[in-house]
Structures are given as C-alpha cells and as structure tokens.
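Just so it is clear, the structure is predicted and the values come from calculations on it, not from any experiment.
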Amino acid sequence: MAMVATGVEDRLRGIRERWVASEEQRADAQAAIGQRDLTLANSPADLQEREDRLRRRHLRLEGIVDQDDSVWLSFFDCGLRAARSVGRVVEAPRRQPVVPIGTGSLVTDRLLLTNHHVVRTPDEAAGMAVEFAYEYDEDGESRNEDRWPLAPGDCFVTDPDLDYTVVAVALRDGRPPGETYGSIPLIGQTGKAVIGEVLNVIHHPAGQRKRVSLRFNRMVAEDDLWLRYESDTREGSSGAPVFNDQWEMVALHHGGVAATDDEGFELTRDGQRWTRDMGEDAVAYVGNEGARVSRIVRSLRGAGVPLEQRRLLTPILGEEQ
C-alpha cells in the first residue's frame, strides 16, 4: 500500500508541477478566449491544421471562441453515441459489492482504455469489470448497469509514464460489448484541438452515475505528451475520455490540480481548508491534465505486444501492426 500511495503522490505532484510551469501558456489562453483571437495562444501551423480538420466537417475555426455558445442539434446525438461507450471501472470480487475505481471507454469493440493507475497489472484486471449504462434515464430513473468482466489474458498493454492501460473485455455468448455500446476511435493524427477550445468530459465522478462536463471547459495549455484544461472532474474521473466539440477523443484524463490557499493547504468547493475526513470528493480543482490520444497511439505502436494479442489492436494501429 505504501508503494501505491507514493505512486499517487508522485503522479499528482507531476501534474501540479506541469500545471504551474504552464502559467505563461495559460495566460495566453485566457487572452485568446477573452479577446476571441486564437492567434494569441496558438501557432499559425497549429491553427491551419485545426482549420483544415474543421473544414471537412463544414465548420469554422472562428466558431471555437465566438460569444455564441450554441451548438448544432447533432452535437447531442454524437455526444450520446460517445457516452454509450463509456463505463465505470470497478473491482468486482465474488459475492461482494463492487468497488468503483475509475472510468474507462471502449476504443474498439473489445478493448477498454483507462489509466494505468486505475488498472495496473493483468492480475489486478482479472478481478475487475466495466459497467455500462450506469446512469439515469430521461425520466431521472436509475438504469440497470450492465457489468462485463475484464479479460487481460486476451490483451493487456500498459504504460505508467503516459498513465494508460488498454485491456480486453470478456465476450458474452461470443459477442463483444462493442456490438451493444459501440466504441470511440483513437485517432493518431494531431490537430484535434487548439488552445482556447472547448473540451467535453464524460466520466463517473466519485463512482457516481455517468455525468458530462461541458461548455465551461477550455484547453489552456499543452506539451508533447499532455493537454491541460479547466473542467469539473473529481476522484473517479480517472480514465475518462476528453473530447472536442466534434466528439473526437483528444485526451485521456488522469488527474487534477487542487485549489490551494496562500499557505498551500488544499481547499474544498466552498473555500474551506480540506481535511482527509471530508473525502476526496470535497476537494476543489482548478485544472486538469490528460494524455494526448496521438501519443497513446504512438506508444501502442511501439509496445511489445504478443502476436496473439496484436490482432485486437488492429482497429487502432492498422493491418501493418
């Protein structure tokens, strides 16, 4: 347990250090948003790449920071389609209640993507499951969750540095979960988001039923491996997919930066000093970080995946893999 606690502290310390180091980028992002001018925070090459991508969807780059916050009706259809593929990752001991651990999403019809710190090893994964449809329906009634055990023996790839794990989900009557819940493509190309753009997160905060954080979330900084954004996520959101407004997955959420007072004490949502007895859900967060999807795909390409497992990665990596 001591090693796990140390790993958590190291991960959160790294996220905070990178957040602090990005202060200049974040200031540029706020200027870009406030003045509705993306050139204040992005290079011409990055803006051109994003513009080309949006043009194929008959959209305008300028719309990213317009005062008009309306979206096309199809935004909801595409969001709901993506949300079906997102589930709650749980420990599932026999004849005992499940324990929520984080969030994950189907990225092929059988492969689940989540954080390394959520599912660290094949042995851990063997006692875990993913629950789809753990949510409320349109009448506010609880849906019956649909639990699928993980099957790490069929495929398991993890990277503690990028904090991701890709693990197979067990078949049911010979059918993969993706036949029912679809999947979210992992797009290896860059250019899916620029600084100042709105991002959307689908997650199970604090192990609760599925929620969506949208509209008041902006990408505010980036580096070669990570995207940083302001959004309302909590413990249990680890492993959540982060999307642009076209519902392309741009990052894998893995942690947040807690708000602190002048003396460095973490704060609660109502501005009080946080203590452990309040629980992680009470912490107020000022920023978040996720691994870039393009870098996850690059990492998967270089991973030493056994030949018998590689076929399950073909939808992500292509036939040449």
Is it possible for you to say whether [X] and [Y] belong to one hydrophobic cluster, with membership spreading through side-chain heavy-atom contacts below 4.5 Å?
{"X": "M249", "Y": "I316", "result": "yes"}
{"X": "V166", "Y": "L171", "result": "no"}
{"X": "V257", "Y": "L12", "result": "yes"}
{"X": "F132", "Y": "V98", "result": "no"}
{"X": "L106", "Y": "L80", "result": "no"}

| task | Any chance you could lay out the side-chain contact (heavy atoms from CB on, under 4.5 Å) test for L252 and L113, step after step, and finish with the verdict? | result | CA-CA 8 Å; L252 173 69; L113 174 66; 4.1 Å; yes
Would you say [atom1] of [X] has more than 12 non-hydrogen atoms from neighbouring residues, nucleotides or ligands within 6.0 angstrom?
{"X": "E308", "atom1": "CD", "value": "yes"}
{"X": "Q96", "atom1": "CD", "value": "yes"}
{"X": "N144", "atom1": "CG", "value": "no"}
{"X": "D173", "atom1": "CG", "value": "no"}
{"X": "D262", "atom1": "CG", "value": "no"}

So which atom in [X] and which in [Y] form the shortest heavy-atom distance, rounded to 0.1 Å?
{"X": "L38", "Y": "V194", "value": "CD1-CG2, 4.4 Å"}
{"X": "L312", "Y": "L111", "value": "O-CD1, 3.2 Å"}
{"X": "G271", "Y": "L267", "value": "O-CD2, 3.8 Å"}
{"X": "A41", "Y": "D28", "value": "CB-O, 3.7 Å"}
{"X": "T103", "Y": "V89", "value": "C-CG2, 3.7 Å"}
{"X": "Q309", "Y": "F156", "value": "OE1-N, 3.0 Å"}

| message | If you apply the rule side-chain contact (heavy atoms from CB on, under 4.5 Å), what do you find for L199 with V250, and how did you get there? | response | CA-CA 9 Å; L199 300 180; V250 300; 4.0 Å; yes
| query | Would R13 and E17 count as a salt bridge (Lys or Arg N to Asp or Glu O under 4.0 Å) if you check the C-alpha gap in whole Å, the side-chain angles of each, and the deciding distance to 0.1 Å? | reply | CA-CA 6 Å; R13 185 182 304 112; E17 288 173 352; 5.0 Å; no
Is there side-chain contact between [X] and [Y], with heavy atoms separated by less than 4.5 Å?
{"X": "K210", "Y": "Y134", "answer": "no"}
{"X": "V305", "Y": "L313", "answer": "yes"}
{"X": "I184", "Y": "V86", "answer": "yes"}

Test: [X] and [Y] ion pair at under 4.0 Å:
{"X": "R273", "Y": "E263", "answer": "yes"}
{"X": "E135", "Y": "R211", "answer": "no"}
{"X": "R57", "Y": "D245", "answer": "no"}
{"X": "D224", "Y": "R298", "answer": "yes"}

To the nearest 0.5 Å, what is the distance between [atom1] ([X]) and [atom2] ([Y])?
{"X": "M219", "Y": "K192", "atom1": "CE", "atom2": "NZ", "answer": "10.5 Å"}
{"X": "I64", "Y": "R36", "atom1": "CD1", "atom2": "CZ", "answer": "14.5 Å"}
{"X": "Y229", "Y": "R218", "atom1": "OH", "atom2": "CZ", "answer": "16.0 Å"}
{"X": "W72", "Y": "Q246", "atom1": "CH2", "atom2": "CD", "answer": "13.0 Å"}
{"X": "L54", "Y": "E49", "atom1": "CG", "atom2": "CD", "answer": "11.0 Å"}
{"X": "L225", "Y": "S299", "atom1": "CG", "atom2": "OG", "answer": "10.0 Å"}

| task | State which residues pass salt bridge (charged side-chain N to carboxylate O under 4.0 Å, His left out) with E138; sequence neighbours excluded, sorted by chain then number. | result |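 Per chain and number, E138 pairs via salt bridge (charged side-chain N to carboxylate O under 4.0 Å, His left out) with R143.
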| request: Report the residues that fulfil salt bridge (charged side-chain N to carboxylate O under 4.0 Å, His left out) with E248, sequence neighbours left out, ordered by chain and then residue number. | output: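 In terms of salt bridge (charged side-chain N to carboxylate O under 4.0 Å, His left out), with neighbours along the sequence ignored, E248 is linked to R53.
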| request: With side-chain contact (heavy atoms from CB on, under 4.5 Å) as the test, would you mind laying out the steps for T158 and R120 before giving the verdict? | output: CA-CA 7 Å; T158 195; R120 294 179 177 84; over 6 Å; no
Would you check if there is a donor-acceptor pair between the side chains of [Y] and [X] at a distance under 3.5 Å?
{"X": "D77", "Y": "S74", "value": "no"}
{"X": "Y164", "Y": "H254", "value": "no"}
{"X": "H116", "Y": "D159", "value": "no"}
{"X": "T121", "Y": "D123", "value": "no"}
{"X": "Y181", "Y": "D109", "value": "no"}

| Chi angles and distances behind the salt bridge (Lys or Arg N to Asp or Glu O under 4.0 Å) call for D161, R11 | CA-CA 9 Å; D161 294 329; R11 174 174 58 85; over 6 Å; no
| task | Tell me, please, whether W247 has R81 positioned over its six-membered ring: NZ or CZ under 6.0 Å from the ring centre and within 45 degrees of its axis? | result |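 R81 over W247 ring: no.
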| field | Sole candidate of S105, S238, S237 that passes side chain to side chain donor-acceptor pair (under 3.5 Å) when paired with H203 | value |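 Output: one option passes, namely S237.
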| Please walk me through it: do E230 and R26 pass salt bridge (Lys or Arg N to Asp or Glu O under 4.0 Å)? | CA-CA 10 Å; E230 298 171 340; R26 289 187 282 115; 6.0 Å; no
| query | Does any N or O in the side chain of N42 come within less than 3.5 Å of the main-chain N or O of I195, such that one atom is a donor and the other an acceptor? | reply |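 Side chain of N42 to backbone of I195: a pair is present.
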| said: The test is side-chain contact (heavy atoms from CB on, under 4.5 Å); show your working for L112 and V107 and say whether it passes. | reply: CA-CA 6 Å; L112 188 81; V107 292; over 6 Å; no
| task | Pick out which of R228, R295, R292 makes a salt bridge (Lys or Arg N to Asp or Glu O under 4.0 Å) with D223. | result |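 Going through the options one by one, the only one that passes is R228.
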